[in-house]
Amino acid sequence: MNQSVWTRLDSIARSLSPFTLTLLLVMAGMVPLRIPDFAQIVPSMGLIAVYYWVIHRPDLMPAWVVFLLGLLLDLIGGGPLGINVLVLLVVHGAVGAQQRFFASGALMLLWLVFVPVAAGAFFLTWLFNVILIGGMIDPGAAFFQYLATVAFYPCIAWLFAQAQRAFLK
């Protein structure tokens, strides 16, 4: 094979790295552990990833990738189909509309902005579940998962930043 084929393959692999890293983190969060109610407090890696990559590399996290990620989350998570798709696409659209403002922001600013974005995403998820189930659901589990997601954001953002420096030069 000539050099241009290897160059194209390298470019494809680099452009898939945000999705691949996100997928690995989502799958790691889905590993069944024998800890009671642990699934209710696992941070939403998909939400963190969509928020981070739409700000820093929107070209590598287009809406169709977010759709696939949300669909995968719905299928693996066992919840009603379409909720994660819709919520992640709303986050993608809302954050993407302000991407230029956020792109130069420091981690602390992005973390502070993530707090209400995540609150809105978890509220929408809870609301859609209530509507689809047709009954009231205790918001406590969603609230604790929200807190865990907000708390883990800096760690995951740092990991994504390291990957961005290493793979996406």
Side-chain angles (χ1 to χ4, degrees), residues 8-31 40-77 79 82-129 139 142-169:
R8 278 187 264 153
L9 286 175
D10 180 60
S11 176
I12 291 169
R14 287 176 190 267
S15 67
L16 288 175
S17 63
F19 177 74
T20 305
L21 186 57
T22 301
L23 189 60
L24 289 172
L25 286 173
V26 165
M27 298 301 276
M30 296 285 187
V31 171
Q40 296 177 355
I41 60 168
V42 173
S44 177
M45 298 299 179
L47 177 62
I48 293 172
V50 167
Y51 178 80
Y52 180 89
W53 291 114
V54 167
I55 289 173
H56 295 285
R57 290 299 300 265
D59 57 320
L60 300 179
M61 191 60 73
W64 68 269
V65 171
V66 174
F67 178 86
L68 289 176
L69 184 62
L71 185 62
L72 180 70
L73 284 168
D74 284 337
L75 291 172
I76 292 174
I83 291 178
N84 283 312
V85 172
L86 185 59
V87 169
L88 290 180
L89 284 173
V90 166
V91 168
H92 180 274
V95 174
Q98 300 298 319
Q99 186 269 337
R100 289 184 195 165
F101 172 72
F102 297 132
S104 62
L107 175 63
M108 185 59 84
L109 171 68
L110 296 177
W111 191 16
L112 288 174
V113 171
F114 181 71
V115 171
V117 169
F122 277 97
F123 176 74
L124 281 176
T125 302
W126 175 81
L127 182 64
F128 291 147
N129 276 306
F143 180 70
F144 284 113
Q145 190 177 21
Y146 160 73
L147 292 177
T149 302
V150 168
F152 269 84
Y153 175 80
C155 301
I156 303 303
W158 179 84
L159 178 69
F160 287 156
Q162 298 307 311
Q164 185 174 0
R165 283 189 200 106
F167 301 118
L168 303 172
K169 299 173 186 175

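Just so it is clear, the structure is predicted and the values come from calculations on it, not from any experiment.
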CA sep, side-chain torsions, deciding dist, call: Phe122, Val87, side-chain contact (heavy atoms from CB on, under 4.5 Å)
CA-CA 8 Å; Phe122 277 97; Val87 169; over 6 Å; no
Yes or no on side-chain contact (heavy atoms from CB on, under 4.5 Å) for Leu86 and Phe128, after CA distance, side-chain angles and deciding distance?
CA-CA 10 Å; Leu86 185 59; Phe128 291 147; 3.3 Å; yes
Quick check against the 3.5 Å criterion: does [X] have a side-chain atom that pairs as donor or acceptor with the backbone of [Y]?
{"X": "Tyr51", "Y": "Leu110", "result": "yes"}
{"X": "Thr149", "Y": "Ser44", "result": "yes"}
{"X": "His92", "Y": "Met61", "result": "yes"}

Applying side-chain contact (heavy atoms from CB on, under 4.5 Å), run through Tyr146 and Phe123 and close with a yes or a no.
CA-CA 9 Å; Tyr146 160 73; Phe123 176 74; over 6 Å; no
Residue pair Leu60, Phe19: steps toward the side-chain contact (heavy atoms from CB on, under 4.5 Å) verdict:
CA-CA 8 Å; Leu60 300 179; Phe19 177 74; over 6 Å; no
For [X] and [Y], which heavy atoms make the closest approach, and how far apart are they?
{"X": "Val91", "Y": "Ala121", "value": "CG2-CB, 3.9 Å"}
{"X": "Leu107", "Y": "Ala157", "value": "CD1-CB, 3.9 Å"}
{"X": "Met27", "Y": "Ile76", "value": "SD-CD1, 3.5 Å"}

In terms of ring plane angle, is the pair Phe160 and Trp53 parallel, tilted or perpendicular, where the classes change at 30° and 60°?
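Tilted: the ring planes of Phe160 and Trp53 meet at 30° to 60°.
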Approximate separation, where rounding is to 0.5 Å, of [X] [atom1] and [Y] [atom2]:
{"X": "Ile48", "Y": "Leu159", "atom1": "CD1", "atom2": "CG", "answer": "10.5 Å"}
{"X": "Ile83", "Y": "Leu88", "atom1": "CD1", "atom2": "CG", "answer": "11.5 Å"}
{"X": "Leu69", "Y": "Leu89", "atom1": "CG", "atom2": "CG", "answer": "10.0 Å"}
{"X": "Phe101", "Y": "Ile55", "atom1": "CZ", "atom2": "CD1", "answer": "10.0 Å"}

Keeping to residues at least two apart or across chains, list the side chain to side chain donor-acceptor pair (under 3.5 Å) pairs with something in residues 60-74.
Asp74-Asn84
Is any side-chain heavy atom of Val150 closer than 4.5 Å to one of Trp111?
yes
Indicate yes or no: at least one non-hydrogen side-chain atom of Tyr153 is less than 4.5 angstrom from one of Tyr52.
yes
Met45 and its side chain to side chain contact (heavy atoms under 4.5 Å, CB included) partner, picked from Leu24, Leu25, Leu23, Leu21:
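Only one option passes, and that is Leu25.
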